[in-house]
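We count ligands from 1, going down the list as the structure has it; atoms in each ligand are counted the same way.
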Amino acid sequence: MKSAIDLLPTMVLDSLTSGILAVDSEFHVLHMNAKLAQLFGLDRERWIGRPAEEMFGSVETQVPARRLPLYRSRPKDNTRTHSREVEWSDGQRTLHLREDSGPLRDESGNFVGRLYAYHDLSWEKTIDQMKSEFISIASHELRTPMTSIKGSVDLILGGAAGEISADALELLEVAHSSCDRMIRLINDILDLSKIEAGQIRLKLAPIELTDPAELSIRSLKSLAAKDRITLSLESPQQLPLVHADKDRMEQVMSNLVFNAIKYSPPGGEVKIGLSAENGWVRCTISDQGCGIPEEDLHRIFGRFQQAGSPQRGGGTGLGLAISHALVTEHKGKIWAESRVGEGSRFIFCLPVAPALPAA
Ligand code: ADP
């Protein structure tokens with residue numbers, strides 16, 4: 001019977017722009033195409049029949065093993081296809097790669113190895129970086145004149161240019177709130193582009209999430225009171241610590257509580273609940289507001305995405321995208337659960353901070 005690799009037409013594989021690697025069930029190299037050899041700087045003849053992990057290890061001395069560009073399925077998961085992004089470096093160059101892998105089978109359907117395809121994402125990453133830089137420069141340039149327009153309108157409204165008619169006052173108030181909205185939008189765009197470009201430095205420390213939760217409630221209490229909305233916090237006496245940036249956690253919670261207030265009816269209740277389970281600390285912000293249609297629950301975490309619910313309070317559609325990026329940056333997860341007309345729950349989880357070694 002022919003082996004799986006004999007069935008692979010080498011010429012076709014060599015014409016592909018992705019790196020291709022085939023390994024047998026013991027993860028020994030069966031074949032690699034020209035692009036793979038070029039990407040990793042490998043001598044292909046030398047590695048046939050030898051362990052694939054050793055091959056990557058031999059060129060990848062600086063990088064921790066978990067970053068090895070070789071997804072190794074557990075034997076019982078051998079039938080799975082897998083896709084992930086990996087970063088590989090030989091100390092001089094760094095490659096950003098997408099690795100797709102799937103099982104190889106013989107004519108009888110038996111598992112005989114895996115096939116890996118590596119797509120070089122370096123160019124996409126460079127373009128992304130340039131885009132983020134452009135947005136950040138453009139936003140900076142916009143923020144300065146906007147701030148001075150707002151300052152001037154403030155002065156006129158305060159009477160610095162003499163008495164103003166009721167009509168002028170009305171128009172100036174529109175200009176003032178539009179300036180506020182524009183500055184908020186610019187700040188949000190700047191913030192998001194910085195997080196996405198990996199340019200924010202998180203001040204990580206072991207913290208209890210009750211601190212940022214209390215701060216966000218304190219800062220939004222008066223806004224909630226305007227609509228007789230009550231804010232409350234439920235937390236166990238002792239919550240495990242998380243390794244997080246306290247200010248950024250307050251930003252995430254404030255975003256979520258602000259939305260909960262914004263989309264709640266007068267007299268509603270907004271709760272922050274903290275709990276711990278299975279190595280995660282969980283924060284739930286729940287409201288009794290208009291709710292979100294099921295088909296929008298994932299979409300709303302994207303940029304400028306708004307759900308079918310009525311738009312109130314001049315939002316930018318970026319608050320959830322920023323919260324998502326920040327929670328992801330903390331190696332956490334965030335999602336929403338909701339029923340239209342009954343309210344929403346926004347939940348995020350952060351891993352419990354590892355215990356400090358005893359002195
Ligand atoms: P926005 O500034 O528009 O509120 P966000 O990114 O914070 O932007 O939220 C995106 C969209 O998600 C909102 O426009 C709204 O449609 C929906 N949304 C967010 N939070 C809630 C909530 N608590 N209740 C109902 N809808 C919500």
Side-chain angles (χ1 to χ4, degrees), residues 135 139 142-143 146 177-196 200 212-213 216-217 219-221 223-234 247-274 282-330 332-349:
I135 291 174
S139 309
L142 284 171
R143 191 159 54 170
M146 278 317 293
S177 76
S178 299
C179 279
D180 266 347
R181 185 166 145 63
M182 185 94 163
I183 292 171
R184 242 188 353 258
L185 182 63
I186 294 168
N187 284 341
D188 280 357
I189 293 176
L190 259 177
D191 221 14
L192 187 60
S193 66
K194 272 198 201 143
I195 301 167
E196 286 182 344
I200 55 149
S216 65
I217 287 186
S219 67
L220 290 165
K221 213 156 199 152
L223 178 76
K226 281 190 195 155
D227 272 334
R228 290 175 291 104
I229 294 170
T230 51
L231 302 185
S232 61
L233 170 64
E234 268 174 38
D247 294 341
R248 292 299 184 169
M249 279 302 112
E250 188 196 336
Q251 185 180 357
V252 172
M253 291 184 187
S254 297
N255 269 342
L256 300 178
V257 174
F258 182 75
N259 278 349
I261 297 171
K262 196 161 66 173
Y263 297 103
S264 281
E269 242 186 286
V270 171
K271 286 187 197 154
I272 305 186
L274 295 171
R282 182 182 168 110
C283 175
T284 307
I285 285 109
S286 45
D287 64 59
Q288 305 164 326
C290 53
I292 304 161
E294 196 177 343
E295 63 274 15
D296 291 331
L297 283 176
H298 290 290
R299 195 171 61 80
I300 50 171
F301 290 96
R303 297 180 216 179
F304 302 111
Q305 296 292 329
Q306 295 179 325
S309 47
Q311 174 63 39
R312 291 166 55 187
T316 61
L318 285 172
L320 288 181
I322 292 173
S323 304
H324 184 272
L326 282 173
V327 171
T328 309
E329 199 67 19
H330 280 82
K333 297 180 242 174
I334 183 167
W335 69 96
E337 296 167 357
S338 181
R339 263 173 203 256
V340 173
E342 289 181 21
S344 314
R345 278 151 42 102
F346 282 79
I347 301 146
F348 72 88
C349 292

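- Contact atoms of ligand 1 toward A260: 23 (N) (distance under 4.0 Å to a heavy atom of the residue).
- Atom numbering of ligand 1 starts at 1 in the shown order; those under 4.0 Å from a heavy atom of K262 are 1 (P), 2 (O), 4 (O).
- For L320, heavy-atom contacts with ligand 1 shorter than 4.0 Å involve the backbone as well as the side chain.
- More than 12 heavy atoms of other shown residues, nucleotides or ligands fall within 6.0 angstrom of atom CZ in R143.
- When the options D296, N259, V340, D188 are ranked by their closest heavy atom to atom 20 (N) of ligand 1, first place goes to N259.
- The shortest side-chain heavy-atom distance between D191 and L318 does not fall under the 4.5 Å cut-off.
- A heavy-atom distance below 4.5 Å is found between the side chains of I292 and F346.
- Counting heavy atoms closer than 4.0 Å to ligand 1, residue L318 contributes backbone atoms (N, CA, C, O) but none from C-beta onward.
- Less than 4.0 angstrom separates some heavy atom of F346 from each of these atoms of ligand 1: 19 (C), 20 (N), 21 (C), 22 (C), 23 (N).
- Heavy-atom separations between S344 and ligand 1 include at least one value shorter than 4.0 Å.
- Between D227 and S264, every side-chain heavy-atom pair lies at or beyond the 4.5 Å cut-off.
- Contact annotation: the side chain of F258 never approaches that of S219 to less than 4.5 Å [non-hydrogen atoms, C-beta and beyond].
- Contact atoms of ligand 1 toward G317: 1 (P), 2 (O), 3 (O), 6 (O), 8 (O) (distance under 4.0 Å to a heavy atom of the residue).
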* Asked: Are L185 and I189 close enough, and set up right, to give a side chain to side chain contact (heavy atoms under 4.5 Å, CB included), and what steps lead you there?
  -> CA-CA 6 Å; L185 182 63; I189 293 176; 4.1 Å; yes
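- Any N or O atom pair closer than 3.5 Å counts here, and I292 shares no such pair with ligand 1.
- Not one N or O on the side chain of D287 forms a donor-acceptor pair closer than 3.5 Å with the backbone of G343.
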